[in-house]
Amino acid sequence: MRKRGIYFLTILSLIFAACSSNESDPEETNDDEPPQVVDKTQNLLSTGASANDILSNSNFDRLLIEATYAPGFRPTDEAMSNFQDYLRTHTFKTNIEVTYRELDATGEETLTLNEIDDLEQENRTAYNDGTTLAIYIFFADAPSDGDDLDEGLVTLGAVYRNTSMVIFESTVKTLAGRSLLITTEDVETATLNHEFGHLFGLVNLGTVPINNHEDSEAENHCNVDPCLMRAQLEFGPANKAIAVSHSKIHSSCSLNGNVLIEQMEFQVSRGNAATPELDAECRLDLENNGGRPSIDS
């Protein structure tokens, strides 16, 4: 019996040794494999270039939102939930995932769009992959370069590529803290929705208008009042929108914080929801470009 037992153990040892010898060394495998190349080209296009891809499920049926933020400036859960509801209302994307990642503090007093773009290139990890369309949003710990709070020139957010957006969260918190009627969640929601409206291609920024409702004095904005995309929410042509256009990164919209707060406070004073909605013309444009039909259309 003892000889048989020893023989059996010897067989098992030989089998185990054979299996182990066939397994490749992970380190050797990694050394032999070429470095993985991430294709970023489809996320480096102009604002509005991916409007149809965002609105419809023809090429992408999943939306991955990479939300990065400086320490202490993570967006509120309520605003991000409202934002996802907004996306599901106007697009056919039902599979939406949001990831959060805290970055190091920028250490800057203000941020230019070029600096924001540099931060994105250093920190962005999510790019279009298969049927997943990736969006990058940075919630910044410094105001936009050129802001003057005393003069009423403040920027809440900006879009600068087809899948790239910045929210100046420090400014959002400052303005919301000055209002008795509007919360940080309200301002975050309105800013996210307005800026993403431009990624939807509004107005005439990749999504062709059915009827003419683009403001003749402020391109890519709506002339219908009230509307989330109305021109009054953006800095006028004599202000900051021109200043940023001279840099290598161009913002299609710089959201005017003081004007937005005034509009939201007016909405609340009349018993309406703080966050403005898209008007019928904007909703019709989105539907025509692959978006979800609105309930009242």
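Just so it is clear, the values below take in all heavy atoms, side chains as well, and ignore hydrogens, waters and symmetry mates.
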List in chain and number order the residues that pass side chain to side chain contact (heavy atoms under 4.5 Å, CB included) with [X], two or more places apart in sequence or in another chain; answer none if no residue qualifies.
X      : result
Thr94  : Arg292
Thr76  : Glu78, Ala79, Thr184, Glu185, Glu188
Asn289 : Ala51, Asn52, Leu55, Thr207

Test side-chain hydrogen bond (donor to acceptor under 3.5 Å, both in side chains) applied to Asp61 - qualifying residues, sequence neighbours left out: Thr131
Check side-chain hydrogen bond (donor to acceptor under 3.5 Å, both in side chains) between Asn193 and all other residues, then give those that pass, not counting sequence neighbours. none
I'd like to check the salt bridge (charged side-chain N to carboxylate O under 4.0 Å, His left out) partners of [X]; sequence neighbours left out, ordered by chain and number.
X      : result
Glu120 : Arg124, Arg161
Arg101 : Glu66
Arg62  : Glu97

What residues, two or more places apart in sequence or in another chain, satisfy ring pair (Phe, Tyr, Trp, His ring centres under 6.0 Å) together with Phe200? Tyr86, Phe196
Residues forming a ring pair (Phe, Tyr, Trp, His ring centres under 6.0 Å) with Phe139, sequence neighbours excluded: none
With a 3.5 Å cut-off and no angle check, do the side chains of Asp145 and Thr112 form a donor-acceptor pair? no
How about Arg230 and His213: do any of their side-chain heavy atoms sit closer than 4.5 Å? no
Side-chain contact test, heavy atoms from C-beta onward, threshold under 4.5 Å: evaluate it for Leu228 versus Glu277 and give yes or no. no
Would you list the pairs meeting ring-ring contact (aromatic ring centres under 6.0 Å, His included) in which at least one residue belongs to residues 57-79, sequence neighbours left out? none
Table please: side-chain donor-acceptor pairs of residues 167-175 below 3.5 Å, with sequence neighbours left out.
{"unit_1": "Thr174", "atom_1": "OG1", "unit_2": "Ser170", "atom_2": "O", "d": "2.9"}

